[in-house]
Amino acid sequence: MNKLAVFDCDGTLVDSGANIFTALSGAFGEHGIAVPSPEVSRKVIGLSLVEAIATLLPEEERDRHVLLAESYKRHFQRARAEGRVEEPLFEGIPDLLDRLEADGWLLAVATGKSDRGLTLCLDCHGIVDRFVSLQTGDRHPSKPHPSMVEQAMADAGSSPETTIVIGDTAFDMAMATAAGATGIGAGWGYHEAHEMLEAGAIAVAAAPRDVFSLIPGKEVAIG
């Protein structure tokens, strides 16, 4: 079986929290809804869009969640068209991808982003072709459902025993556990280490350079 490393995107590969909060603020403001604080909002990053809004506004009806999700998309797309979207790679991510590939790992992404948003994000950094499988919220149930990881494993010819999931939220780690894969927390992202550990992470890396040494059977960190 092939070895597969499945990455979350927002908060793991790229730092997109500010863009997400700006679009969320625009959508909520457009509909006269008080905007949750950045600290509250960042806790739903990683969920698919409708589910994220539903988590923030549990008292609202499903139709309202869908309406707000569409508004969020418009605000985000307008910001991108105006050149106001910045999604920089976290420091150390290119080196981590290089090290994994050199060690024989295939790479994949599992994210709540849309197909379009993910492709634009990865293409902007010239890394879209490095991933053998791109799984998004457009075609799967929201995390922590294991569907995205299961499809990535099918695409890559890997198994749960040869798959790791690297993500910065409890949703990522619970998804990994549900798929039978190994979850490694990205401590540079949007959830606290204890949240990821409680959701099933075997360990939490403080920085991308630390991930490789946390893979079962590995002992040497990048650097």
Side-chain angles (χ1 to χ4, degrees), residues 4-21 23-24 27 36-58 60 62 65-66 68-69 72-73 76 87 90 93 96 107-115 117-118 121-122 131 133-153 160 163-206 208 211 214:
L4 176 67
V6 182
F7 284 85
D8 168 55
C9 187
D10 297 314
T12 301
L13 291 175
V14 301
D15 187 1
S16 51
N19 303 317
I20 291 169
F21 183 71
L24 190 69
S37 69
E39 291 74 23
V40 171
S41 299
R42 71 188 299 182
K43 294 301 183 182
V44 302
I45 294 176
L47 294 174
S48 296
L49 184 53
V50 173
E51 284 69 23
I53 291 172
T55 301
L56 292 173
L57 299 171
E60 298 281 356
R62 182 72 172 181
H65 298 152
V66 173
L68 286 162
Y72 172 97
K73 290 178 184 178
F76 201 102
E87 297 175 302
F90 282 102
I93 286 295
L96 174 58
L107 308 177
V109 177
T111 176
K113 277 185 178 293
S114 66
D115 287 328
L118 177 61
C121 175
L122 298 181
F131 298 95
S133 182
L134 300 175
Q135 303 304 320
T136 76
D138 281 350
R139 289 170 284 114
H140 295 278
S142 180
K143 300 174 183 179
H145 193 284
S147 177
M148 284 192 270
V149 173
E150 290 170 345
Q151 185 58 55
M153 290 190 295
T163 298
I164 60 173
V165 175
I166 301 159
D168 69 301
T169 71
F171 313 126
D172 295 309
M173 298 301 97
M175 176 179 65
T177 299
T182 297
I184 298 175
W188 57 91
Y190 304 138
H191 278 195
E192 300 296 331
H194 73 87
E195 296 174 290
M196 291 181 274
L197 292 168
E198 289 165 6
I202 63 163
V204 175
V211 169
L214 298 177

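Note that the numbering runs from 1 along the sequence shown for the chain. All heavy atoms count here, side chains included; hydrogens, waters and symmetry mates do not. Note that the structure is predicted; figures quoted are calculated from it, not measured.
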Spacing of NZ belonging to Lys113 relative to OG belonging to Ser16, to within rounding of 0.5 Å
5.0 Å
Are the side chains of Thr111 and Met148 in touch, meaning some heavy atoms are under 4.5 Å apart?
no
Note, Val149 side chain near Leu4 side chain (heavy atom, < 4.5 Å)
no
Is there a donor-acceptor pair under 3.5 Å between the side chain of Ser48 and the backbone N or O of Glu51?
no
Have Asp115 and Thr136 got a donor and an acceptor in their side chains that come within less than 3.5 Å?
yes
Considering only heavy atoms from C-beta outward, does the side chain of Ile45 approach that of Phe171 to under 4.5 Å?
no
Start with the C-alpha distance between Ile93 and Trp188, add both sets of side-chain angles, then the distance that settles side chain to side chain contact (heavy atoms under 4.5 Å, CB included), and finish with yes or no.
CA-CA 11 Å; Ile93 286 295; Trp188 57 91; 4.2 Å; yes
Please examine the side chains of Phe131 and Leu13, heavy atoms only from C-beta on, and report whether any two atoms are closer than 4.5 Å.
yes
Mind checking the CG-OH spacing from Leu49 to Tyr72? Nearest 0.5 Å is all I need.
6.5 Å
With the side chain counted from C-beta on, respond yes when Pro38 and Tyr190 share a heavy-atom pair under 4.5 Å apart, and no when they do not.
no
When every non-hydrogen atom of Phe21 is compared with those of Ser37, the smallest separation belongs to CE1-C, 3.8 Å
Quick one: do Leu56 and Val40 satisfy side chain to side chain contact (heavy atoms under 4.5 Å, CB included)? Show the steps, please.
CA-CA 8 Å; Leu56 292 173; Val40 171; 3.8 Å; yes
Strictly by modelled atom types, are Gln135 and His140 linked by a side-chain donor-acceptor pair under 3.5 Å?
yes
Nearest 0.5 angstrom please: Ile20 CD1 to Leu24 CG, how far?
9.0 Å
Can you find a pair of side-chain heavy atoms, one from Leu96 and one from Phe7, that are under 4.5 Å apart?
yes
Which heavy atom of Gly180 sits nearest a heavy atom of Pro160, and at what distance?
O-CB, 3.3 Å
Determine, stepwise, if the pair His191 / Met173 fulfils side chain to side chain contact (heavy atoms under 4.5 Å, CB included).
CA-CA 11 Å; His191 278 195; Met173 298 301 97; over 6 Å; no
Measure from the side-chain N and O atoms of His65 to the backbone N and O of Thr55, and report whether any donor-acceptor pair falls under 3.5 Å.
no
Close side-chain approach of Gln151 and Arg139, heavy atoms under 4.5 Å:
no
Quick one: which of Leu107, Val165, Ile164, Val109 gives a side-chain contact (heavy atoms from CB on, under 4.5 Å) with Val6?
Val165
Among Val14, Asp10, Asn19, exactly one meets side-chain contact (heavy atoms from CB on, under 4.5 Å) together with Cys121. Which residue is that?
Val14
Taking all heavy atoms of Ala201 and all of Leu197, pick out the closest pair and write down the distance.
O-CD2, 3.6 Å
Which heavy atom in Val204 sits nearest to a heavy atom in Ala186, and how many Å separate them?
CG1-C, 4.5 Å
Between Ala108 and Ala152, what is the shortest heavy-atom contact and its length?
CB-CB, 4.1 Å
Nearest non-hydrogen partners of Gly117 and Ser114, listed with the distance:
N-OG, 2.9 Å
Inter- and intrachain pairs under side-chain hydrogen bond (donor to acceptor under 3.5 Å, both in side chains), touching residues 168-186, at least two apart
Thr12-Asp168, Lys143-Asp172, Thr169-Asp172
